Amino acid sequence: MKSRKPSIPYIIWMAVFTMIPMIMVGITAFTGKNGGFSFEAFEKAFFYKEVFLRSLWIALISTAICLLIAYPLAYMLTKMKPSTQNFVNMLLMIPMWMNFLLRIYAWVTILQSNGPHMINTQGAVILGMVYNYIPFMILPIYTVMSKIDNGLIEAAQDLGSNGFHVFSKVVLPLSIPGVISGITLVFVPSASTFLVAQYLGGTNDIMIGDIIDKVFWTDQSTGSAISLILMVFILVFL
């Protein structure tokens, strides 16, 4: 019985801040204007299918770029001295201390007319995504890699494996849990964000999070339906 007590606060937290809100969103999505059961909200959500697909596409590209950059960085980070690792980790976290909106405003200033003229483009949106979420890709991969037993690497080298085989047969398979965590932590917020596209993208780059943000205040049923559909899409992709 004692072993179950530490899980009680977690269960309460999940129930209050996750399960109950999800149930409320589900009830609202299936409630019509007359207060009865209805699919009307989902019919309205169908009109935003192009925005759904664009949001998932941008999220996939952003996640892929984050992975391509983060994996070698995390690997190199594990080869550094402990003091250097701590310093680099601090550099990665410092931008996170700043408000998310302020970081976006900074990129708006950089990409405007005095910069590379990328503002109001899909490339600017992807750049903003990568900048804001890449630490969430680097840190899980680094954490898993740093825990790999050096004895396994030495054993592979003693058995005649070269650097490529050590990486492909030992490091890469053992780092997959970190990769999965990183993909989850980057893809989910990238697909549902509602600020980056508003400030960095153009009128054709609006994302589904922006639609939910605008629709929910005037039509909660449709906003809830869009949220549920997005949740299903994200679960399928993950």
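On a predicted model such as this, the values are computed, not experimentally measured, just so you know.
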Share the residues that join Val232 in a hydrophobic cluster, the rule being Ile, Leu, Val, Met, Phe, Trp or Tyr side chains under 4.5 Å apart at the heavy-atom level.
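Result for Val232 is Val236.
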
Hydrophobic cluster mates of Leu102, side-chain heavy atoms under 4.5 angstrom, ILVMFWY only, any path?
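Answer for Leu102: Met98.
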
Looking at every non-hydrogen atom in both residues, tell me the closest pair between [X] and [Y] and how far apart they are.
{"X": "Ser190", "Y": "Tyr133", "result": "OG-CD1, 3.4 Å"}
{"X": "Val108", "Y": "Ile119", "result": "CA-CD1, 4.1 Å"}
{"X": "Thr63", "Y": "Phe187", "result": "OG1-CA, 3.4 Å"}
{"X": "Met145", "Y": "Thr78", "result": "CB-CG2, 3.6 Å"}
{"X": "Val88", "Y": "Met80", "result": "CG2-SD, 4.0 Å"}
{"X": "Gly201", "Y": "Val125", "result": "CA-CG2, 3.4 Å"}

Joint cluster assignment, [X] & [Y], ILVMFWY side-chain distance < 4.5 Å:
{"X": "Ile69", "Y": "Met118", "answer": "yes"}
{"X": "Ile134", "Y": "Met96", "answer": "yes"}
{"X": "Leu174", "Y": "Val144", "answer": "no"}
{"X": "Leu195", "Y": "Trp217", "answer": "no"}
{"X": "Phe216", "Y": "Phe46", "answer": "no"}

Show the atom names and distances, to 0.1 Å, of all donor-acceptor pairs under 3.5 Å that link a side chain in residues 19-32 to residues at least two apart or in another chain.
residue, atom, partner, partner atom, Å
Thr28, OG1, Met24, O, 2.8
Thr31, OG1, Ile27, O, 2.5

Taking side-chain hydrogen bond (donor to acceptor under 3.5 Å, both in side chains) as the test, write out the residues that go with Tyr142, two or more places apart.
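Per chain and number, Tyr142 pairs via side-chain hydrogen bond (donor to acceptor under 3.5 Å, both in side chains) with Gln85.
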
Can you name the residues that form a side-chain hydrogen bond (donor to acceptor under 3.5 Å, both in side chains) with Lys147, not counting sequence neighbours?
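Expected list: none.
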
Between Lys44 and Ile226, is the side-chain contact (heavy atoms from CB on, under 4.5 Å) condition met? List the steps.
CA-CA 9 Å; Lys44 293 180 180 179; Ile226 297 173; over 6 Å; no

With rounding to the nearest 0.5 angstrom, report the [atom1] to [atom2] distance, [X] to [Y].
{"X": "Trp107", "Y": "Ile104", "atom1": "CH2", "atom2": "CD1", "answer": "12.0 Å"}
{"X": "His165", "Y": "Leu159", "atom1": "NE2", "atom2": "CG", "answer": "13.0 Å"}
{"X": "Ser224", "Y": "Asp219", "atom1": "OG", "atom2": "CG", "answer": "8.5 Å"}

Of [options], which is the lone residue that meets side-chain contact (heavy atoms from CB on, under 4.5 Å) with [X]?
{"X": "Val130", "options": "Ile126, Asn132, Leu127", "answer": "Ile126"}
{"X": "Met129", "options": "Pro189, Cys66, Ser62", "answer": "Ser62"}
{"X": "Leu73", "options": "Leu92, Leu68, Ile138", "answer": "Ile138"}

Which residues satisfy the salt bridge (Lys or Arg N to Asp or Glu O under 4.0 Å) test with Asp213, sequence neighbours excluded?
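Asp213 satisfies salt bridge (Lys or Arg N to Asp or Glu O under 4.0 Å) with no residue once adjacent residues are dropped.
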
Closer than 3.5 angstrom, by distance alone: can the side chain of Ser175 be matched with the main-chain N or O of Leu172 as a donor-acceptor pair?
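It does hold such a pair.
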
List the steps, then state whether side-chain contact (heavy atoms from CB on, under 4.5 Å) holds for Met137 with Ile183.
CA-CA 7 Å; Met137 182 71 76; Ile183 290 174; 4.1 Å; yes

So, do Arg103 and Phe100 sit near enough that their side-chain heavy atoms are less than 4.5 Å apart?
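Heavy-atom side-chain distance check passes, below 4.5 Å.
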
Anything under 30° is parallel, anything over 60° is perpendicular, the rest tilted; go ahead and classify Phe37 against Phe39.
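Correct class here is perpendicular.
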
Are Tyr48 and Val215 close enough, and set up right, to give a side-chain contact (heavy atoms from CB on, under 4.5 Å), and what steps lead you there?
CA-CA 11 Å; Tyr48 300 105; Val215 170; 3.8 Å; yes

